[in-house]
Amino acid sequence: MLINLSKGFKWLLWPFSVVFTFVVWIRNYLYNKGLLEVYQSDIFTINIGNLTVGGTGKTPHIEYLVRLLSPAFKVAVLSRGYGRQTTGFRAATATSSAAELGDEPLQIFQKFDGNIPVFVCEKRAEGLRQIEQRSPQTQLVLLDDAFQHRAVKPHFNILLTDYKRLFYEDFVLPVGLLREPKQGAKRADAVVVSKCPSHLSGHEKERITAQIKQYVKAQIPVFFSTFDYNTPRPYFEADLHSSPPSSFWLLSGIAQPQLFEDAAV
């Protein structure tokens, strides 16, 4: 009964969803018609974004692209730096903190031992201009979560959609979790269905692909990705050689932790 009441209340928010959709449509229309300024960097840019609020796996996919592309190109990462206590353009350094950069940009920087330049700037166009000036040797910039940041035009747009929250089955905020209408997928140059089960059948892939094809441009490829967690490691050096604990507390700060929780038990 409580679930039914909750769903009923959600649909009471439909008028707000209509207003939100209209505002987003106007904004996109202005950008599409060139009435609002759009910047495209001389450095090749790949955006990894989504239509859904949080939890589609952008950071792991950025890390995957860093590993894939950095052997051939001088790669940098540009993020908004969500959750940081600073503003403006910042470059990650060995002494940077999550308060300065945001936790995900700092994670990326530390995971690659500081060998991949990581920058944050809430205005991505300004961030790209700063990278062009300060790091002219950069050949490729990976843009973190810039699908709705229309002031920047990426050279290649990757759209992520969570296997358990496929964008074509969702609704615009606040009724659903979409940041903009499903038709925004037209801006994608490739779609990745993330967090798929490892045993996903070919039939299921075809079914999902057919649904996605209704919202994207012709010939846009659709890929499927799966997360594979490594064996947990002790955090404290003193525990490196001790026996695994019989019980433990599981802590996470990710938007959709179910997949992580399932892998940990």
Enquirer: To the nearest 0.5 Å, tell me how far T45 OG1 sits from L143 CG.
Expert: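 T45 atom OG1 to L143 atom CG measures 5.0 Å (nearest 0.5 Å).
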Enquirer: What I'd like to find out is whether the side chain of I46 reaches to under 4.5 Å of the side chain of L140, using heavy atoms alone.
Expert: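 Yes; the side chains approach each other to less than 4.5 Å.
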Enquirer: So do the side chains of Y39 and E126 get within less than 4.5 Å of each other, counting heavy atoms only?
Expert: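 When only atoms from C-beta onward are counted, E126 and Y39 do not touch, as no gap falls below 4.5 Å.
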Enquirer: Is the count of non-hydrogen atoms from other residues, nucleotides or ligands lying under 6.0 Å from Q214 atom CD greater than 12?
Expert: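 Enclosed.
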Enquirer: Output the distance between atom CG (L78) and atom CG (L142), rounded to the nearest 0.5 Å.
Expert: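 L78 CG to L142 CG: 10.0 Å, rounded to 0.5 Å.
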Enquirer: Indicate yes or no: at least one non-hydrogen side-chain atom of S70 is less than 4.5 angstrom from one of I116.
Expert: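 Yes; the side chains approach each other to less than 4.5 Å.
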Enquirer: Side-chain contact test, heavy atoms from C-beta onward, threshold under 4.5 Å: evaluate it for V77 versus F109 and give yes or no.
Expert: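 The answer is no, as the side chains (C-beta and beyond) never meet within the 4.5 Å cut-off.
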Enquirer: I would like to know whether V191 and Y215 meet side-chain contact (heavy atoms from CB on, under 4.5 Å); could you show each step before the answer?
Expert: CA-CA 11 Å; V191 178; Y215 296 95; over 6 Å; no
Enquirer: Is the number of heavy atoms from other residues, nucleotides or ligands under 6.0 Å of K123 NZ greater than 12?
Expert: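 No, because the 6.0 Å sphere around NZ of K123 holds 12 heavy atoms or fewer from other groups.
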Enquirer: If you look at every heavy atom in A125 and V152, which pair is closest and at what distance?
Expert: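 The pair with the smallest heavy-atom distance is N-CG2, 3.3 Å.
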Enquirer: Within this structure, what is the CD1-CG distance for the pair I48 and D145, rounded to the nearest 0.5 Å?
Expert: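 Result: 10.0 Å between the selected atoms.
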Enquirer: What closest approach, in Å, do A190 and F223 show between heavy atoms, and which atom pair accounts for it?
Expert: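 Heavy atoms only, the tightest pair is CB-CE1, 4.2 Å.
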Enquirer: Return yes if some donor-acceptor pair links the side-chain N/O of S135 with the main-chain N/O of I131 below 3.5 Å, else return no.
Expert: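 A pair under 3.5 Å: no.
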Enquirer: Under a 3.5 Å cutoff, is there a donor and acceptor pairing between the side chains of Q211 and T209?
Expert: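 No, no side-chain donor-acceptor pair sits under 3.5 Å.
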Enquirer: Step through the shown structure and confirm whether more than 12 heavy atoms of other residues, nucleotides or ligands are within 6.0 Å of CZ on F22.
Expert: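 No, the 6.0 Å shell around CZ holds no more than 12 heavy atoms from other groups.
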Enquirer: Main chain of K74, side chain of Q139: is a donor-acceptor contact present, judged purely on distance under 3.5 Å?
Expert: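 Yes, because the side chain of Q139 sits within donor-acceptor range (under 3.5 Å) of the backbone of K74.
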Enquirer: Counting N and O atoms only, with roles assigned by atom type, does the side chain of K195 sit under 3.5 Å from a partner on the main chain of Y163, one being a donor and the other an acceptor?
Expert: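 Answer holds: no.
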Enquirer: Locate the shortest heavy-atom distance separating G57 from F227; write the atom from each residue and the value.
Expert: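 What the structure gives for the nearest pair is CA-CZ, 3.9 Å.
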Enquirer: With salt bridge (Lys or Arg N to Asp or Glu O under 4.0 Å) as the criterion, how do E132 and R129 come out once you've worked through the C-alpha distance, each side chain's angles and the decisive distance to 0.1 Å?
Expert: CA-CA 5 Å; E132 292 165 4; R129 292 187 179 98; over 6 Å; no
Enquirer: How many angstroms lie between CG in L101 and CD in Q110, if you round to the nearest 0.5 Å?
Expert: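 Here the interatomic distance stands at 9.0 Å.
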Enquirer: Looking only at heavy atoms, which two atoms of N47 and A146 are closest? And how far apart?
Expert: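 Heavy atoms only, the tightest pair is OD1-N, 2.8 Å.
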Enquirer: Same cluster or not: are V141 and F147 linked, directly or through other Ile, Leu, Val, Met, Phe, Trp or Tyr residues, by side-chain heavy atoms under 4.5 angstrom apart?
Expert: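 No, V141 and F147 fall in different hydrophobic clusters.
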Enquirer: Is it the case that the side chain of K213 and the backbone of I220 share a donor-acceptor pair, with hydrogens and angles ignored and the cut-off at 3.5 Å?
Expert: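 Looks like yes, one N/O pair under 3.5 Å.
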Enquirer: Return the CZ to CD distance between R90 and Q130, rounded to the nearest 0.5 Å.
Expert: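 The CZ atom of R90 sits 12.0 Å away from the CD atom of Q130.
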Enquirer: For residues K182 and F167, report the shortest heavy-atom separation together with the two atoms involved.
Expert: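 Closest heavy-atom pair between K182 and F167: CG-O, 3.8 Å.
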Enquirer: Decide whether W25 and L51 are clustered together by the hydrophobic rule: side chain heavy atoms of Ile, Leu, Val, Met, Phe, Trp, Tyr closer than 4.5 Å, transitively.
Expert: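 No; tracing contacts between hydrophobic side chains, which count when under 4.5 Å, never links both residues.
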Enquirer: Tell me whether I62 shares a hydrophobic cluster with I158, the cluster being built from Ile, Leu, Val, Met, Phe, Trp, Tyr side chains joined at under 4.5 Å.
Expert: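 Same cluster: I62 reaches I158 through Ile, Leu, Val, Met, Phe, Trp or Tyr contacts under 4.5 Å.
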Enquirer: Determine yes or no for a side-chain-to-main-chain donor-acceptor pair under 3.5 angstrom, with D113 supplying the side chain and N115 the backbone.
Expert: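 The answer is no, because no donor-acceptor pair under 3.5 Å joins these two groups.
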Enquirer: Does F156, at its CZ atom, have more than 12 non-hydrogen atoms belonging to other residues, nucleotides or ligands within less than 6.0 Å?
Expert: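 Atom CZ in F156 is packed in, count exceeds 12.
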Enquirer: Measuring from atom CD of Q85 to atom OG of S97, what distance do you get when rounded to the nearest 0.5 angstrom?
Expert: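 Spacing of CD (Q85) from OG (S97) equals 7.5 Å.
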Enquirer: Assign the ring pair F89 / F119 to parallel, tilted or perpendicular, where the plane angle (0 to 90°) is split at 30° and 60°.
Expert: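 Parallel: the ring planes of F89 and F119 meet at under 30°.
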Enquirer: Does any non-hydrogen side-chain atom of N50 lie less than 4.5 Å from one of R179?
Expert: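 Yes, at least one pair of side-chain atoms sits under 4.5 Å.
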Enquirer: Go through the steps to decide whether R150 and E180 satisfy the test salt bridge (Lys or Arg N to Asp or Glu O under 4.0 Å), and finish with yes or no.
Expert: CA-CA 12 Å; R150 299 297 308 278; E180 61 175 303; 5.9 Å; no
Enquirer: Indicate if V192 and I212 have the same hydrophobic cluster label, given that clusters are the connected sets of ILVMFWY residues with side-chain heavy-atom separations under 4.5 angstrom.
Expert: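 In one cluster: no.
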Enquirer: Do we see a donor-acceptor contact under 3.5 Å between the side chains of S194 and H61?
Expert: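 There is no such pair between these side chains.
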Enquirer: Verify the cluster assignment for L65 and F44: are they in a single hydrophobic cluster under the rule of side-chain heavy atoms below 4.5 Å apart?
Expert: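 In one cluster: yes.
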Enquirer: Side chains of K205 and L200: closer than 4.5 Å at any heavy-atom pair?
Expert: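 Yes, close enough: below the 4.5 Å cut-off.
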Enquirer: Any donor-acceptor pair under 3.5 Å linking the side chain of T56 with the backbone of T161?
Expert: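 No; zero donor-acceptor contacts below 3.5 Å.
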Enquirer: Please check if the side chain of D170 supplies one atom and the backbone of L177 the other of a donor-acceptor pair under 3.5 Å.
Expert: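 Judged by distance alone, yes, a pair lies under 3.5 Å.
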Enquirer: Can you name the closest pair of heavy atoms from D162 and G55 and give their distance?
Expert: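 Smallest heavy-atom distance, with atoms named: OD2-O, 3.5 Å.
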Enquirer: Do side-chain atoms of D189 reach the backbone of N157 as a donor and acceptor pair under 3.5 angstrom?
Expert: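 Such a contact is found between D189 side chain and N157 backbone.
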Enquirer: Any sub-3.5 Å donor-acceptor pair from R124's side-chain atoms to D144's backbone N or O?
Expert: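 The answer is yes, because a donor-acceptor pair under 3.5 Å joins these two groups.
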